[in-house]
Structures are given as C-alpha cells and as structure tokens.
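Let me begin by presenting the structure, written as structure tokens, before commenting on it.
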Amino acid sequence: MKKSEFPDAFQKVRETDGVLDIDDQFEKVTMILRHKDVRKCAHYYQSFKSGVQPGRIVVPSEEKIREIRQIPLELDPPLHTQYRSEMEAWFRRPLQEDYELKLTQITSDLVDEILDKAVLEVVEEFALKLQSQALTLLLNVPIEEAEIWISWGTHVFRSEDNPLDAEKAEILYHYIDEQIEKVLHHPGDDLYSVLLRSQFEGRKFTKEEVKGTMILTFAGGRDTIINAVTNIIVYFGDHPESLEKIREDPDIIGKAVEEFIRYFSPLTHLGRVVDVETNVCEYDLHNDDKVSLCWASANRDSNVFKNPNEVILDRKMNPHVGFGFSHHKCLGATHARQLLKILIKVLVEKVHSIQLLESEENIETWGKIKRKVGFHQVNAKFNSIKN
Amino acid sequence: MAKITFITRDGESKTVEGHSGSVMELAVQNHIQGIDGDCGGVCSCATCHVHLSPEDMEKLGQPSEIEADMLELEDNVSSYSRLSCQLDVSDELDGMTLKVAN
C-alpha cells in the first residue's frame, strides 16, 4: 500500500448498518456514517444540538476537563448566528490580496528552507511551522509569535497517550488568558482586540467569550491543518505525475484542494446531542443520546461520489463535508483553503519531486474501526526543480 | 457573451457581462453580495444560491441530483432555485435576471 493511500475505514459498516456505536468514557456515541444522514443531522440543529454542556459534542468528550464554551461551535441558532455574524468578516480576510501575498511569502520561504536538505521530518519541520506561521496572519499578530506555538510541539493540547490530559490543555488556556490581558491594556488590530470590541446583544464580548473563540481558533485549526499539509506532501511524494499535471494546468488547484479535503477528511467527526425521539437508518435515537456526524465516512459514500477511494484532482462534482455542513461549517475554511491552494502552487513552482523515507502513521481508534488520519512523522527529501 | 442582472437581498441590482466560466465565477468577480462561491464551484458549499424566473428555469432545466440534494437543505429554497456554480455563462443566459437567495 502506498503511504498516501488512506483506506475507507467505515465502508462496510456504512453500507450494512449506516451507524456505528462506540464507547466514549462509558457513554455510547452513535456515529452517523452515510452522506445524506450526516448532512440532515448537521442541518436540523433543533433535533441535533451543539449548545449543550461545554466539551460534550467533542469526541472524545472534554466535559471533565473543560468548562469554557467554544464559540460559536458549541451553540445553536439563533445564539450561534449572532456570535458568528460578528466574526464572519474577519475570517474571510484570507481572500484579500495582501493576506494572500503574505501567506505566499511565508510558504515560499519555508519551502526554500527545506529544498535540497538531506532529509527532513515533514510534520515537525514543515507542517507545524507552516500552520503556526500562517496562523499569525489569521490572528494578525507578529510572525515571531509562531515560535512560541511551534515550541509547544504537535501535541500541545493533548498527550500522545492521553487525549484528555487537562494539564496539556492548560498551556493553551494560560497563554490565551495572558494575551487577552495584554490587549485589554494595549488594544490593537489583532483578533483578540477585535473580539474584545465585538458586540453580543448590545454589550461587548466578555473575556470568557473571547477565550472560548480563541480556543476554537487555535485547536480547530491545528491538527487538521498539520494533517492536511503533511498528507498532501505525502501524496505528491507518491504521485510525482500529479505535480506535473498541476504544473501544466494550474487552474485545477482549487478543485484539487477540495478533493484532498474530501479524501483525507482531516476531522473525522463531531458530535451532537439528540433533543427529540427520532431515528436514523431505522436506528432509534432518544433524548440526550449522543451522536457523531462522521465527515470522513460521508466523504467516501459511493452513493454520492464516483470512485470515492480515488483521488481525482479535477473532480467536478464534489459535495464533500470535509469542512462540516450547514450552520456549523468550518469558520476557518477560507484560511485553510487559501493556505492549501498556496502550498500546492508553491510546491509545483519549486519542487521537482519528493522522496519519501521512513514514516509512522497516525491511526485513530473508534470502537472496532481503525482510521488512518495522518502521520506522526514522515521523513522525506525535497528535490528542487532547478536541479 | 451574456449580460446577466443580479438582484441582491437588499434589492440592489447590478448588470454584468461575461463570456465564459460559471455564473458563480462571474458574480464573485463582480463582487455580487451574497454570492461567495467558497468551494470554487464543485457543489460543496451552496454559497452561490440564486432564484430564476419560472421561464428561465424552464429554459435552463432542473438541477442535477447532487445539486438538488444540496439545495434541499438550503435556507430560502424554492422551486426556482439553482446553484450558480452549475450554470455556465453562455448566450442562452443573455438578458436573464437572477435573484440572490441569501
């Protein structure tokens, strides 16, 4: 099997049952696996709620280690809509020309650093750096701030052996508290300051609300982007002909990004809490049951996608749910799309081929299912197009 | 070449000209409010939802199954809804008026 091959771990159970029960800290979670069901559950927020106890809709649940609510993720309309509308314009800044230029410069400099290096560990030495430096643009803070985030390593918010390590999460929470205190005294034009000036029902956001939004911004865009960047590089390592194809036809870069998001599905799933007696795939669900919307499974549903296990760079119809769906679709998607587009553009301009060496896969376990989501490490050598 | 008029939710009307590509791309290039085209036209985001007149709907035809599935869960959906990323700019669209749905 090629390193860039990510098997569809849910195929059998999706086709036979459509749902999968897993255990999360002695609570049953029913994973919803089919594309149509996932989209419906995401859309009908009245029946499948996000605005429950903080930490509950995440899988594994963070209820025991987190009291602060991630905003707007852990809310339902109309509250969700009010908070989100305050942030939308900020999170669309990646479409602006100067943002794109700065992000291109960051990506280009990082690729120049790694070209023709003997061997490089892609996750720590490239993907983490790119994710962190790019995040400084989204937050509009000096690029030097990325050094702190890089020094946290890839597993800042959780131990490798314990996803619910509260002490690890505290590093981020303390850091955000400090930043909020700083901008309270010296407000600027960064995201913290903008949030502190934002309004909810005629009053300013509280510090708690700013913190909840910042936690989401940091946590939601870290592993997901690191995995997406690493997996794309591994894909091009296995498929030099794809680098060539995009070099010849760069107009397909946008479609390629959507296809990579579908195929790799960096976030496997996200929970909801049932608020009505209902059923999915003839499976009865009761009030307060927890379900999860499995984006990764939905993105391989053969009822929707032709040849779902193939990467088709210029796939024309691609109704993937890799960024979620409906009200809660990823707030950082504009940034992520821009980053991945620029990454591919820079790679095809500068890299002739990528030689993949030893690697260690990152495998998630969901009940009886094991899903490859990325890599703990990948050693590789990037060969410059100039040689 | 096609001249297409967009009417946004706040009633603003703007007529633009296009030669190729999708109607969504034409709208984004001309900064039509309410048409974002986040996914670039692969039918994944539904941020390019428009309403056609009954006559134009008949002329251009019903959405495909994938497009219809996207529209089914959209706000402000009607029998005359289409995703503009699925409409190619062509002479056939010349003179049409599209109402932006969101």
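Computation of the quantities below employed the complete heavy-atom set of this structure, encompassing side-chain atoms and omitting hydrogens, waters and symmetry-equivalent molecules. Throughout, protein chains are lettered first and strands after them, A, B, ... in sequence-line order, and every chain is numbered starting at 1.
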Side chain from CB out, backbone as N, CA, C, O: work out which of these in B:E65 comes under 4.5 Å of a heavy atom of chain A, or both, or neither.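 Answer is neither: B:E65 stays 4.5 Å or more from chain A.
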
Cation-pi geometry met for A:R39 and A:Y44 (6.0 Å, 45°):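 No.
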
Given side chain to side chain donor-acceptor pair (under 3.5 Å), test B:D88 with B:S90 step by step and report yes or no. CA-CA 6 Å; B:D88 288 330; B:S90 71; over 6 Å; no

Over all heavy atoms of both residues, which pair between A:T217 and A:L138 is shortest? Give the atoms and the distance, please.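 Residues A:T217 and A:L138, closest heavy atoms: CG2-CD2, 4.2 Å.
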
Closest approach of B:P63 to B:L71 (non-hydrogen atoms, all atoms of both residues):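 Shortest heavy-atom contact: CG-CD1, 4.1 Å.
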
Once side chain to side chain contact (heavy atoms under 4.5 Å, CB included) is applied, do any residues pair with A:E310, and if so which ones, sequence neighbours excluded?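 Side chain to side chain contact (heavy atoms under 4.5 Å, CB included) check on A:E310 returns A:N307, A:I312.
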
Could I get the full list of side chain to side chain contact (heavy atoms under 4.5 Å, CB included) partners for B:V28, not counting sequence neighbours?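 Side chain to side chain contact (heavy atoms under 4.5 Å, CB included) list for B:V28, sorted by chain: B:M24, B:I35.
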
I'd like to know if A:K255 pairs up with A:E258 as an ion pair, taking the criterion as any Lys NZ or Arg NE/NH1/NH2 lying under 4.0 Å from an Asp or Glu carboxylate oxygen.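 Result for this pair is no, no salt bridge flagged.
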
Ion pair present between A:R92 and B:D38, side-chain N to carboxylate O less than 4.0 angstrom?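 Yes.
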
Quick check on A:F325 against chain B: is it the side chain, the backbone, both or neither that has a heavy atom closer than 4.5 Å?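 Just its side chain gets close to chain B.
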
Chain B contact via A:K329 - which portion, at a heavy-atom distance below 4.5 Å: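 For A:K329, the contact with chain B is made by the side chain alone.
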
Find out whether A:S4 and A:N231 are in side-chain contact, i.e. whether some heavy atom of one side chain is under 4.5 Å from a heavy atom of the other.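 Contact flag for A:S4/A:N231 side chains = no.
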
Check whether any side-chain heavy atom of A:R34 lies under 4.5 Å from a side-chain heavy atom of A:C281, and answer yes or no.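 Yes; the side chains approach each other to less than 4.5 Å.
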
Chain B neighbours within residues 269-276 of chain A, where any heavy atom lies under 4.5 Å away: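 Checking residues 269-276 of chain A against chain B gives no residue, so none.
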
Are the aromatic ring centres of A:Y45 and A:H80 under 6.0 angstrom apart?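 Centroid separation for A:Y45 and A:H80: 6.0 Å or greater.
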
Considering heavy atoms only, which positions within residues 40-59 of chain B lie below 4.5 Å of chain A?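 Under the 4.5 Å heavy-atom cut-off, B:G41, B:V42, B:C43, B:S44, B:C45, B:T47 qualify.
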
So which of A:K40, A:E259, A:H320 has the largest heavy-atom pair count under 4.5 angstrom toward chain B?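 Going by pairs under 4.5 Å, I would pick A:H320.
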
